[in-house]
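Keep in mind that this is a model prediction, so the values were computed, not measured. In each ligand, atom 1 is the first atom listed, and ligand 1 is the first ligand listed. By convention here, the first residue in the shown sequence is residue 1.
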Amino acid sequence: MQNNNRNVSKWADGIFRKIECKYRRNAQNIKGIFPYTADKDGRFTEQPFLKGRAGVQWWTNGFYAGIMWLLYSKTGDGLYKCAAKEQEKMLDDAFVIYDELNHDVGFMWGLSSKPSYIFDKDETSRARALIAANILAGRLNVKGKYLRAWNHGDYTIIDCMMNIPLLYWASKETNDERFKFIAELHADSTFKHHLRENGSVAHIIVHDPLRDAAIGTLAGQGCAEGSAWSRGQAWGIYGFILSYIHTGKKRYLDAAIRIADYFIEHTKARAWRVPVDFCQPDHPNYIDNSAAVCAACGMIEITGATGDPHYLEAAVRILKALECDCDFSDDTEPILNNCAASYAENRQLPLIYGDFFLIEAILKLCGNEFLIW
Ligand code: GLY
């Protein structure tokens, strides 16, 4: 996006130089793991949830490759391309294990194989991204008109709005409209069932699998049923504006704006710091910077789509407020601290998607035009 504020550009350029310094070192040093969080010495570690060989299927395993492609898009440095392609090859095992693959294939291959094909014209990468798109499209419940989350129960989750950009890409790439139809069915279902009157979104909706009907909501990673988990709000803002960018359908822009307005109102009241859940008790004041940076990306795109500077200004305030949680030193590998996997556990730690969306947001403010989604 073109950012016409010279002070903001100068600030973002300065942050980008520090990011590049740190991640240039990371790209040289990190081999053979999918970074997720960090140990007490600040070294990247893998996710602890899926054990052994199954771990390759974890939903965040495309983010480090995605960071490498973002940095490549700005610098053109082959170091980042090599590191991204190494991660992409490591992901192949997930296709053959398969049993834990779910709606998150969009994150996994949309951030690794799709940019690999875009930048490198690698046909194997194209095939991987299309296989992932087919797996995602195959999750459609034809009667319920939604993409099923996980591999048990009949749920939709707001997070999935970030997976469907892979379907928009697959339609363009293959000239096959079906992928886009499925993405829109899912976006419309999310609009209908997740978006609340006050502009917040529910994390999880329980569906009747035999018709287009919601039969309940769950707290998910938020603090309580009916609450407003901040990363869920961020997935909604960025996910809906991406659906608008890919389809031109105004209802998705309107949804992104409604959720962004809710997010801004509740963040402004907290000196622009983002809690894990906007409905959490005042103490302890758990912060989730991963939600903050993802929401900022969405808000910058809303200004790009509408020309309304309010959303860009809010994004900059949010990003400046979390600068105190950024570690640009040589001593550690991740940058952004104080992220949270959920309200209940794994809080106040670095998470790879925190770094990813921080880098993406800063690159947008630097005027980088490449949209990885
Ligand atoms: N399931 C994605 C997230 O934790 O936000």
Side-chain angles (χ1 to χ4, degrees), residues 34-37 46-50 54-64 66-67 94 100-112 132 135-136 139 146-153 155-166 186 190 194 200-206 217-224 227-240 242 259 263 274-278 280 286-298 334 336 338-358 360-361 373:
F34 294 109
Y36 173 73
T37 184
E46 292 200 289
Q47 61 76 35
F49 308 105
L50 295 176
V56 67
Q57 301 166 102
W58 188 245
W59 74 277
T60 62
N61 286 354
F63 279 103
Y64 185 75
I67 289 174
E100 293 281 350
L101 288 185
N102 56 34
H103 57 280
D104 283 327
V105 294
F107 280 119
M108 294 169 74
W109 284 279
L111 299 178
S112 56
I135 293 172
L136 184 55
R139 303 185 64 83
Y146 59 83
L147 292 168
R148 182 196 193 209
W150 303 302
N151 296 333
H152 56 85
Y155 306 116
T156 53
I157 55 174
I158 187 66
D159 324 28
C160 201
M161 287 301 295
M162 295 299 291
N163 283 299
I164 60 175
L166 182 65
H186 183 77
T190 307
H194 285 256
S200 70
V201 285
H203 182 195
I204 301 178
I205 297 292
V206 189
T217 69
L218 297 174
Q221 282 150 265
C223 70
S227 74
W229 174 48
S230 63
R231 195 163 60 254
Q233 313 311 302
W235 294 144
I237 298 167
Y238 202 11
F240 273 111
L242 287 170
I259 310 166
F263 198 103
V274 175
V276 179
D277 193 311
F278 288 114
Q280 73 189 27
Y286 297 130
I287 296 290
D288 183 8
N289 284 324
S290 76
V293 285
C294 176
C297 286
L336 186 59
N338 279 333
C339 300
S342 75
Y343 182 76
E345 54 192 0
N346 297 310
R347 298 174 302 250
Q348 318 317 159
L349 70 179
L351 289 166
I352 193 65
Y353 43 95
D355 275 17
F356 174 90
F357 288 109
L358 170 71
E360 194 187 1
W373 297 97

Next on the checklist: If I take atom CD from residue Glu100 and atom CH2 from residue Trp150, how far apart are they, to the nearest 0.5 angstrom?
Outcome noted: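 With rounding to 0.5 Å, CD (Glu100) is 13.0 Å from CH2 (Trp150).
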Checklist entry - Going from OG1 on Thr60 to CE on Met108, what distance comes out if it is rounded to the nearest 0.5 angstrom? => result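 It is 8.5 Å, given to the nearest 0.5 Å.
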Next on the checklist: I need the contact residues for ligand 1: any residue with a non-hydrogen atom closer than 4.0 Å to the ligand, ordered by chain then number.
Outcome noted: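 Only Trp59, Asp159, Gln221, Trp229, Arg231, Trp235 have heavy atoms that fall under 4.0 Å of ligand 1, ordered by chain and number.
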Next on the checklist: As a test of understanding, state which of Asn151, Leu147, Ile157 forms a side-chain contact (heavy atoms from CB on, under 4.5 Å) with His103.
Outcome noted: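 Only one option passes, and that is Ile157.
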Checklist entry - Do Tyr353 and Trp58 have ring centroids that are under 6.0 Å from one another? => result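 No.
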Checklist entry - Strictly under 6.0 Å, is that where the ring centroids of Phe63 and Phe34 end up? => result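 Between Phe34 and Phe63, which both carry aromatic rings, the centre distance is not below 6.0 Å.
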Next on the checklist: Just to verify, what does Tyr343 make a ring pair (Phe, Tyr, Trp, His ring centres under 6.0 Å) with, not counting sequence neighbours?
Outcome noted: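 So Tyr343 forms a ring pair (Phe, Tyr, Trp, His ring centres under 6.0 Å) with Tyr286.
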